Asker: 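Encoded as structure tokens, here's the structure I'll be asking about.
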Protein chains: 2
Amino acid sequence: MDLLDRDGLTEREFLERYQPGDYERPSVAADMVIFTVTDAEADSYRKLPEKELRVLLIRRGGHPFLGKWALPGGFVRPDETTEQAAARELREETGVEDVYLEQLYTFSDVGRDPRTWVMSCSYMALINSDQVKLQAGDDAADAAWFKVTYRLMRESKELTGDGYIKTLQYELKLISEDAELTAVVEKTITVKPSSTATAYAVVSNDGLAFDHAKMIALAIERLRGKVNYTDIALHLMPGLFTLTELQQVYEVILDKELLKAAFRRKVADLVTETDHYTENAGHRPSRLFRRKMEE
Amino acid sequence: MDLLDRDGLTEREFLERYQPGDYERPSVAADMVIFTVTDAEADSYRKLPEKELRVLLIRRGGHPFLGKWALPGGFVRPDETTEQAAARELREETGVEDVYLEQLYTFSDVGRDPRTWVMSCSYMALINSDQVKLQAGDDAADAAWFKVTYRLMRESKELTGDGYIKTLQYELKLISEDAELTAVVEKTITVKPSSTATAYAVVSNDGLAFDHAKMIALAIERLRGKVNYTDIALHLMPGLFTLTELQQVYEVILDKELLKAAFRRKVADLVTETDHYTENAGHRPSRLFRRKMEE
DNA sequence: AAAATAGTGTCTTTCAGACAGTATTTG
DNA sequence: CAAATACTGTCTGAAAGACACTATTTT
């Protein structure tokens, strides 16, 4: 192919002479919502421990948002994709290598970073409690796992002339051993005859940096959506697990109780049974399952 | 809040003195997959016309990819979000203002643009045939609507030691009045005990610029996925439409025939019936419906 | 009447919700 | 035996698949 452009150049000539213009360019960061599930303290050793959904946050050691908690992340380098940058941050922060990683959304609101023009491509990572143990040797001293809850608090609908605006307010709560953060995220759905638009806004925010409350909210919504029709939740499970544990994970993600019989029917084709059982549990042993790797 | 950082600065002082470093930054473009549905020519005026799913492409007038077809798009400016940039491009290209717009994915492969470091945040827009008429006055002379088909051609699965790799090859065909483009997009799903990764690659590509074959493939997959559990397809319909037309749109998106009775039951709560009917159709008139704006 | 599309009725199958019942282990 | 969890059986009702049937218009 040797097409010539208006200046009579071939593509090779064009590229050899190409000089990037000096118009403004944004910095692009990759930020990660890293989820895991851990056992809460049980009242008695005969009772099963409850499961908690947790997110990793890092306390900011410099301006802006000094002292606030932020998602792990960093700037993308010219020789890597946003996904590679996310995986690199994940490795640096947690030592974990082989995890489920999914791009969520690219945030580009003007002024979202008070320093300069910064976009953020956000990712969701799911790691299981086996892998989390490796978290010891991280460089950011002020990293902590926060228990997450995300709950619809208020719902309203306003009719406009030719459509309506639905407003949903969610309370996002993040609780660690020594900090408790709360944010309210508002989801606004504007329905008009020829369009539907959804926008997120942070209404109040106590302790989270940047627009990271929005990112966490979006991640939870994605997780909740996918749990119902994929095997995504299995990435939060250790190698061997009981169906009751799996059900607890679904319940903590969806923030709602499920019926045992129906749940077992539903996940039957996502798991493979093994010949192992739990031991010394203070009650009847439970069969252990693995994630199904065929099909 | 007047916390001081290690240099003893308040946040305000820090920001006043902040100088962006001179590390490399990418350009960020917003590219759009604009879908619409139009009637194909009918054999006889007594037969219903078939529906076609179409995408807007623009022939490149300069290097790189001179003469190839590309998605409409452009660079994001510092005073706008990627979404605003997408909406701006859409307006410039088609004159259309009020449409369904959804962020798809941010592409950042190294070398995806041969000139320089460019990421692209891709969007999907759905516009209806009423709105498309406005397309006359566009600046890019070489814009054309292409009929799209996207079909699974080959499927294979290879077992690895502890998991498997599934490879799906899709043929993407784009046909306009005077051009026919074909690309093969390969979707690779790598399943390992603690992760699942999906990657897209363009295996062959005849006539599309950049990685735009991947973007279109991703857009179609998103559209197909959402059609089943949202009212997204209604954004492709004009103000009044028959249920048969709506079914045709579902069928052309999903590339599969649906059963009439079941379809009507399924969409019943997405539409509102009107008192209008089609006229002079050469057969029994059909009731016209609108998109349901309540609930 | 023929051609064409519009629209409905209903049987079957599948699957989720609901709930009760049985089974197994430890203290 | 009591406490605790594990696991199964089955009824019901909602929704999707399948297919046949009726209805209405134009030529």
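Per chain, numbering begins at 1; letters A, B, ... match sequence-line order. What you see is a predicted model; the values in this text were computed from it and never measured.
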Asker: How are the rings of B:Y250 and B:F263 set relative to one another: parallel (under 30°), tilted (30 to 60°) or perpendicular (over 60°)?
Answerer: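 Perpendicular: the ring planes of B:Y250 and B:F263 meet at over 60°.
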
Asker: Are A:E221 and A:K187 ion-paired here, with the side-chain N under 4.0 Å from a carboxylate O?
Answerer: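 Yes.
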
Asker: Kindly calculate the angle separating the two end axes of the helix from C:dA1-D:dT27 to C:dG27-D:dC1, each obtained from five base pairs, and round it to 10 degrees.
Answerer: 10°

Asker: Send over the distance from A:K47 NZ to D:dA4 P, rounded to a whole Å.
Answerer: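 Spelled out: NZ on A:K47 to P on D:dA4 is 5 Å.
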
Asker: Which atoms form the tightest heavy-atom contact between B:H283 and B:R46, and what is the distance?
Answerer: CD2-O, 3.7 Å

Asker: Looking at A:Y164, is A:K157 sitting on its ring face, NZ or CZ under 6.0 Å from the six-membered ring centre and within 45 degrees of the normal?
Answerer: yes

Asker: D:dT8 C1' sits how many Å from A:R287 CZ, rounded?
Answerer: 14 Å

Asker: Can you find a pair of side-chain heavy atoms, one from A:V55 and one from A:F35, that are under 4.5 Å apart?
Answerer: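 A:V55 vs A:F35: side chains touch.
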
Asker: Rounded to the nearest angstrom, tell me the gap between atom CD in A:E245 and atom C1' in D:dT5.
Answerer: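 Spelled out: CD on A:E245 to C1' on D:dT5 is 12 Å.
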
Asker: Judged by modelled atom types alone, do B:T196 and A:H235 share a side-chain donor-acceptor pair under 3.5 Å?
Answerer: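 Side-chain D/A pair, B:T196 to A:H235: present.
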
Asker: Look for any protein N or O under 3.5 Å of an N or O in nucleotides 9-18 of chain D and output each such pair with its distance, or none.
Answerer:
unit_1, atom_1, unit_2, atom_2, d
D:dG17, N7, B:R265, NH2, 3.3

Asker: With a 4.0 Å cutoff (strictly under), does any side-chain N or O of A:S286 reach OP1 or OP2 of D:dA6?
Answerer: yes

Asker: Once you round to the nearest 0.5 Å, how far does CG of A:L246 lie from CZ of A:R264?
Answerer: 9.5 Å

Asker: Taking atom P of C:dA6 as reference, at what distance in whole Å does atom CD of B:E279 sit?
Answerer: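 Result: 15 Å.
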
Asker: Does A:R287 come within less than 4.0 Å of A:E273, counting only side-chain N to carboxylate O?
Answerer: yes

Asker: Under a 4.0 Å N-O cut-off, is there an ion pair linking B:E102 with B:K226?
Answerer: yes

Asker: Flag the pair B:D255 and B:R151 as a salt bridge only when some basic side-chain nitrogen lies within less than 4.0 angstrom of an acidic carboxylate oxygen.
Answerer: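 Looking at B:D255 and B:R151, the cut-off is met.
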
Asker: Reckon A:T244 touches a base, only the sugar-phosphate, or nothing at all at heavy-atom distances under 4.0 Å?
Answerer: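 Sugar-phosphate contact only.
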
Asker: Given D:dA6, D:dT27, C:dT8, identify the nucleotide with an atom nearest to the side chain of B:R264.
Answerer: C:dT8

Asker: Salt-bridge test for B:D269 and B:K292: reply yes if a basic N is under 4.0 Å from a carboxylate O, no otherwise.
Answerer: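 Result for this pair is no, no salt bridge flagged.
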
Asker: Indicate yes or no: does B:K166 engage B:E155 in a salt bridge with an N to O separation below 4.0 Å.
Answerer: yes

Asker: At a cut-off of 3.5 Å, list every protein nitrogen or oxygen paired with a nitrogen or oxygen from nucleotides 22-24 of chain C, distance to 0.1 Å.
Answerer:
unit_1, atom_1, unit_2, atom_2, d
C:dA23, N3, A:R284, NH1, 2.7
C:dT24, O4', A:R284, NE, 3.3

Asker: Roughly, in whole Å, what's the span from CD in A:E273 to C1' in D:dC7?
Answerer: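 The distance from CD of A:E273 to C1' of D:dC7 comes to 12 Å, rounded to the nearest Å.
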
Asker: Measure the distance from NZ on B:K260 to P on D:dC21 and round it to the nearest whole Å.
Answerer: 15 Å

Asker: Roughly, in whole Å, what's the span from CZ in A:F289 to P in D:dA6?
Answerer: 11 Å

Asker: Check the distance between D:dT26's C1' and B:Y277's OH and give it to me in whole angstrom.
Answerer: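 Value for this atom pair: 18 Å.
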
Asker: Start at the 5' end of DNA chain C and walk down; is the nucleotide closest to B:T278 or to B:R46 reached first?
Answerer: B:R46

